[in-house]
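Comments concern the structure below.
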Amino acid sequence: MIMKIDSKALIQDYLLNLCMQCGTCTGGCPIKLRSPLNMRRLVRENTLASDPSKILKRPELWACTTCSTCSLRCPAGVKNVEMIVAMRNVLTRQGEIPSTIRDALEQTLLHGNPWGRFRDRRADWAKDLGVKVIGEEKTETLLYMGCTPSYDPRIQTVSVALVKILQTVGVDFGILGKKESCCGNEIRRMGEPTLFKKLVKDNSALIQKSGSKKMIVISPHCYNAFKNDYPDLGIQIQHYTQVLADLMERGILKVSKAANLRVTYQDPCFLGKQNKIFEEPRRILSSIPGLDFVEMDRSRERSLCCEGEAEECGLKERPKGLETVRFELERPLPWGQP
């Protein structure tokens, strides 16, 4: 059955009638150079179309990374990204979605992560680290790991390093272990609100039952979900960069070994422009002896999307080409070649 979009509801719910067609959204879109996605035109067409359902066949609806650059820059306050999510929701209910998205949604439902990795192996990275598992022990702080830091070998090193730092400075923390499920940030943005609500219910119950007073998260996407998409959990939520920056400023965490490296920093969309956490990561870098930190030309609110959301959900249908961040890094560097 082909479902139709309520044109009036689409216009009213996402403020499409306020659009001035200034093109700020399209001008700021990080993938506009390699995708047919044109946010200005899409808003206009949805506003004028008697049946916006005809627009659903366009594959570029899946090109949007939901970085929210368009919505945050819109002078009229049009909810461009939420419009995209609503259109994806219709496609999801119809079953007309890319196979990789379908697989990611099914695996999240069955295994609690978009790649179908075994739930029992979610905490394998923490073997021999002496990490407390909440449920077996109570702790003041809950360290919510997320899917990528739990399963991806490239990021597990970050998980291990963070755990060792927290243990060194005496933070009383624990993890949820195999009971932890995906935060659902990408699930909601892929247009599956029912599965997202299930994840919210399951994770909220675990978090509240833990009795912890604070929660630290690693992924910017998880931070965004818990801060903005979940109901009030009655617990302080911090990104790990906020925690480390605070420990450094209070003199509890000190770096004694010089790094002697020239580095830059990519502001994640869900941490920076969407949640205004810009200073803490930079304060950490500036506290490391020997580190030569230089900003990229596109930083803070102007940072380019890394498209990590696409990889997490296995979205292979996105248009091919240089990733936006690689494009930025390959530009002439203001500090010269390292």
Side-chain angles (χ1 to χ4, degrees), residues 30 65 67 69 125-126 128-129 131 143 145-171 173 216-224 238-312 321-338:
T65 66
C67 71
T69 299
W125 62 272
D128 304 321
L129 290 177
V131 181
L143 177 59
M145 299 309 302
C147 299
T148 304
S150 294
Y151 291 111
D152 192 328
R154 298 170 298 176
I155 311 300
Q156 285 174 342
T157 55
V158 175
S159 305
V160 172
L162 179 60
V163 162
K164 290 181 177 179
I165 290 173
L166 296 178
Q167 290 174 334
T168 299
V169 298
V171 175
F173 73 97
I216 302 172
V217 298
I218 297 179
S219 168
H221 295 233
C222 296
Y223 179 84
N224 179 74
Q238 290 183 296
H239 188 255
Y240 81 93
T241 56
Q242 295 175 300
V243 175
L244 296 186
D246 178 63
L247 290 170
M248 286 180 161
E249 288 178 1
R250 289 192 287 145
I252 298 174
L253 176 61
K254 298 179 181 180
V255 181
S256 57
K257 186 177 180 180
N260 298 321
L261 292 171
R262 178 174 293 167
V263 302
T264 189
Y265 173 72
Q266 163 68 18
D267 287 282
C269 300
F270 283 89
L271 190 66
K273 60 171 67 87
Q274 293 195 38
N275 284 290
K276 309 304 178 187
I277 298 178
F278 297 115
E279 300 305 326
E280 289 87 341
R282 289 169 171 81
R283 288 206 295 267
I284 294 171
L285 292 173
S286 64
S287 299
I288 301 175
L291 205 65
D292 180 15
F293 172 63
V294 186
E295 293 278 8
M296 283 193 279
D297 178 59
R298 296 286 296 270
S299 63
R300 299 179 183 264
E301 289 88 349
R302 295 180 63 246
S303 67
L304 285 168
C305 178
C306 74
E307 303 183 43
E309 160 266 342
E311 181 176 352
E312 181 158 347
L322 284 175
E323 292 89 345
T324 51
V325 173
R326 188 186 303 172
F327 173 78
E328 171 70 5
L329 289 172
E330 291 180 352
R331 294 175 61 188
L333 304 178
W335 59 85
Q337 294 295 333

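Remember, it's a predicted structure, so these values are computed and weren't measured experimentally.
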Not counting sequence neighbours, which residues clear side-chain contact (heavy atoms from CB on, under 4.5 Å) with [X]? List them please.
X: Q238; value: Q236, Q242, V243
X: R302; value: R73, D297, R298
X: A258; value: N260, P289

Contact between [X] and [Y] at the side-chain level, heavy atoms closer than 4.5 Å - yes or no?
X: Y265; Y: S299; answer: no
X: I288; Y: L261; answer: no
X: L143; Y: V171; answer: no

Which pair of heavy atoms, one from [X] and one from [Y], lies closest together, and at what distance?
X: I155; Y: P149; result: CG2-CA, 3.9 Å
X: G146; Y: C222; result: CA-SG, 4.1 Å
X: I218; Y: H239; result: O-NE2, 2.7 Å

Atom [atom1] in [X], atom [atom2] in [Y]: separation rounded to 0.5 Å?
X: K276; Y: R300; atom1: NZ; atom2: CZ; answer: 11.5 Å
X: L247; Y: I252; atom1: CG; atom2: CD1; answer: 5.5 Å
X: I284; Y: L291; atom1: CD1; atom2: CG; answer: 11.5 Å
X: N224; Y: N275; atom1: CG; atom2: CG; answer: 5.0 Å
X: T69; Y: L304; atom1: OG1; atom2: CG; answer: 8.0 Å
X: H221; Y: C269; atom1: NE2; atom2: SG; answer: 7.5 Å

Residue pairs passing the side chain to side chain donor-acceptor pair (under 3.5 Å) test where at least one lies in residues 156-168, sequence neighbours excluded:
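Not a single pair qualifies under side chain to side chain donor-acceptor pair (under 3.5 Å).
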Give every residue pair that meets the side chain to side chain donor-acceptor pair (under 3.5 Å) criterion with at least one member in residues 284-294, sequence neighbours excluded.
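Qualifying pairs, neighbours excluded: R262-D292.
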Is the side chain of K273 donor-acceptor paired with the backbone N or O of S303 at a distance under 3.5 Å, no angle test?
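Yes, the answer is positive, given that a donor and an acceptor are paired below the 3.5 Å cut-off.
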Any sub-3.5 Å donor-acceptor pair from E280's side-chain atoms to Y240's backbone N or O?
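Here the side-chain-to-backbone pair does not exist.
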Between R282 and D267 (salt bridge meaning N to carboxylate O under 4.0 Å), is one present in this structure?
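Here R282 pairs with D267 in a salt bridge, since their nearest N and O are under 4.0 Å apart.
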Residues that E301 engages under salt bridge (charged side-chain N to carboxylate O under 4.0 Å, His left out), provided they are two or more places apart
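Expected list: none.
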Any chance NZ of K257 has more than 12 other-residue heavy atoms, nucleotides or ligands included, within less than 6.0 Å?
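Not buried by this count: 12 neighbours or fewer within 6.0 Å.
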